[in-house]
Amino acid sequence: GTASSTTVLYGDGTYKAEPGGGLILQVLSKHITTNVSVSISGHTWTDFGVSLAITPASTGSKIWIQGNMSVGHWGYGGMRLVRDSTAIGVNTEGSPGSRAICHAGNESHNQYTNLTFPINWIDSPSTTSAVTYKYQFWYNTSGTIYLNREYSDHDDGNRTYAVSTMTLAELSAATIS
């Protein structure tokens, strides 16, 4: 190709058509900056209050979910991502009740551990109706677990506190194949 207003010069010295692609149609974000205590029943998926709703512009749109959930717990647990009432992006092995997108075992039973579960998932909800994404946590025993802090909270200047986040980006159908 040759240089023109519709071509791009690449590192190898050639001109090619300007890359096409899709668009980011909307972005929504939620940040939980406070510490939250949640009572949980063992072996039960529990909401943590980290959720966000989005209304896709097209049935072909993809939703890119990014974020994290920071949890202080004493034992073994996992996190999953849920669209409305359907778990998405979870492991397909093992018993259905324990399939997660992220898992963390507090093997040393360290009460001063704050575990961060990262999320990066692309979903195809195939709707133009509002959909709600949320994080849920599964714990191997009943008790209290904590969002954004350690299991044992000693605000003595030697501890850190975290932030849990969720960001939803609607991608046009042409963006990702």
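Just so you know, these numbers come straight off a predicted model, no measurement behind them.
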Novice: Is there a donor-acceptor pair under 3.5 Å between the side chain of Y133 and the backbone N or O of I54?
Specialist: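 The answer is no, because no donor-acceptor pair under 3.5 Å joins these two groups.
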Novice: Check whether V82 and I145 end up in the same hydrophobic cluster, where Ile, Leu, Val, Met, Phe, Trp and Tyr are linked by side-chain heavy atoms less than 4.5 Å apart.
Specialist: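 As far as the 4.5 Å side-chain criterion goes, I145 and V82 are not connected within one cluster.
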Novice: Is there a side-chain contact between I88 and W121 (heavy atoms, below 4.5 Å)?
Specialist: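 Side-chain contact under 4.5 Å: yes.
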Novice: Distance check, rounded to the nearest 0.5 Å: N35 atom CG versus E150 atom CD?
Specialist: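 Result: 10.0 Å between the selected atoms.
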Novice: Grab the two heavy atoms, one from M69 and one from Q136, that are nearest each other, plus how far apart they are.
Specialist: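 For M69 and Q136, the tightest heavy-atom pair comes out as CE-O, 4.3 Å.
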Novice: Measure the acute angle between the ring planes of W138 and H43, then classify it against the limits of 30° and 60° as parallel, tilted or perpendicular.
Specialist: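 Because their plane-to-plane angle is over 60°, the rings of W138 and H43 count as perpendicular.
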Novice: Report yes if some heavy atom in the side chain of Q66 is under 4.5 Å from a heavy atom in the side chain of I119; otherwise report no.
Specialist: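 Side-chain contact under 4.5 Å: no.
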Novice: Do side-chain atoms of S124 reach the backbone of S126 as a donor and acceptor pair under 3.5 angstrom?
Specialist: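 No; judged by distance alone, with no hydrogens or angles, the pair does not exist.
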Novice: How about L147 and S70: do any of their side-chain heavy atoms sit closer than 4.5 Å?
Specialist: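 Result no, sub-4.5 Å side-chain heavy-atom pair not found.
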Novice: Ring centres under 6.0 Å, that's the criterion: do F117 and F137 meet it?
Specialist: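 Yes, the ring of F117 comes within the 6.0 Å limit of the ring of F137, centre to centre.
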Novice: Decide yes or no on side chain to side chain contact (heavy atoms under 4.5 Å, CB included) for T46 and S41, but give the supporting numbers first.
Specialist: CA-CA 8 Å; T46 303; S41 296; 5.9 Å; no
Novice: Are the side chain of D47 and the backbone N or O of G49 linked by a donor-acceptor pair below 3.5 Å?
Specialist: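 Judged by distance alone, no pair lies under 3.5 Å.
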Novice: What distance do I40 atom CD1 and S142 atom OG have between them, rounded to the nearest 0.5 Å?
Specialist: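 Separation between the atoms: 8.5 Å.
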Novice: Tell me if a side-chain donor or acceptor on E170 pairs with a main-chain N or O of A57 at a distance below 3.5 Å.
Specialist: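 Yes; judged by distance alone, with no hydrogens or angles, the pair exists.
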Novice: Side chains of T144 and V38, heavy atoms from C-beta outward: is any pair under 4.5 Å?
Specialist: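 Counting from C-beta outward, T144 and V38 never come under 4.5 Å.
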Novice: With distance as the sole criterion, is a donor-acceptor pair present between the side chains of D84 and T86 under 3.5 Å?
Specialist: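 T86 and D84 do not have a side-chain donor-acceptor pair below 3.5 Å.
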Novice: Could you check whether any side-chain N or O of N148 sits under 3.5 Å from a backbone N or O of Y161, counting only pairs where one atom can act as donor and the other as acceptor?
Specialist: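 No; zero donor-acceptor contacts below 3.5 Å.
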Novice: Taking all atoms of both residues into account, what is the closest heavy-atom pair of L28 and A53, and its distance?
Specialist: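 Scanning both residues, the minimum pair turns out to be CD1-O, 3.1 Å.
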Novice: Any side-chain heavy-atom pair from L171 and L23 closer than 4.5 angstrom?
Specialist: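 They are not in side-chain contact.
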Novice: If I take atom NZ from residue K134 and atom CH2 from residue W45, how far apart are they, to the nearest 0.5 angstrom?
Specialist: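 K134 atom NZ to W45 atom CH2 measures 12.0 Å (nearest 0.5 Å).
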Novice: Counting only N and O atoms by type, is there a donor-acceptor contact under 3.5 Å from the side chain of T165 to the main-chain atoms of G67?
Specialist: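 Between the backbone of G67 and the side chain of T165 there is no qualifying donor-acceptor contact (under 3.5 Å).
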Novice: Taking all atoms of both residues into account, what is the closest heavy-atom pair of Q26 and T55, and its distance?
Specialist: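 Residues Q26 and T55, closest heavy atoms: NE2-O, 2.9 Å.
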Novice: Should W64 and L168 count as side-chain neighbours, where that means a heavy-atom distance under 4.5 Å?
Specialist: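 No, side chains not in contact.
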Novice: When rounded to the nearest 0.5 angstrom, what distance separates CG in L52 from OG1 in T167?
Specialist: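 Between L52 CG and T167 OG1, I get 8.0 Å after rounding to 0.5 Å.
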Novice: Nearest 0.5 Å, please: how far is CG in N68 from CD1 in I32?
Specialist: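 If we round to the nearest 0.5 Å, I32:CD1 and N68:CG are 11.0 Å apart.
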Novice: The test is side chain to side chain contact (heavy atoms under 4.5 Å, CB included); show your working for Y135 and L81 and say whether it passes.
Specialist: CA-CA 5 Å; Y135 302 152; L81 179 62; 4.0 Å; yes
Novice: Between P125 and I63, is there a side-chain heavy-atom distance shorter than 4.5 Å?
Specialist: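 Touching, per the 4.5 Å side-chain cut-off.
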Novice: Please determine whether residues V163 and V71 belong to a single hydrophobic cluster, defined as Ile, Leu, Val, Met, Phe, Trp and Tyr linked transitively by side-chain heavy-atom distances below 4.5 Å.
Specialist: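 No.
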Novice: What distance do S51 atom OG and M166 atom CE have between them, rounded to the nearest 0.5 Å?
Specialist: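 These two atoms lie 7.0 Å from each other.
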Novice: I'd like to know if K62 pairs up with D123 as an ion pair, taking the criterion as any Lys NZ or Arg NE/NH1/NH2 lying under 4.0 Å from an Asp or Glu carboxylate oxygen.
Specialist: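 Looking at D123 together with K62, the answer is no, because their closest N to O distance does not fall below 4.0 Å.
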Novice: Ignoring hydrogens and geometry, is there a side-chain-to-backbone donor-acceptor pair from T128 to P56 under 3.5 Å?
Specialist: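 Pair absent, no side-chain N/O of T128 close to backbone of P56.
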Novice: Can you hop from F48 to Y139 via hydrophobic side chains spaced under 4.5 Å?
Specialist: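 Yes: a chain of side-chain contacts under 4.5 Å links F48 to Y139.
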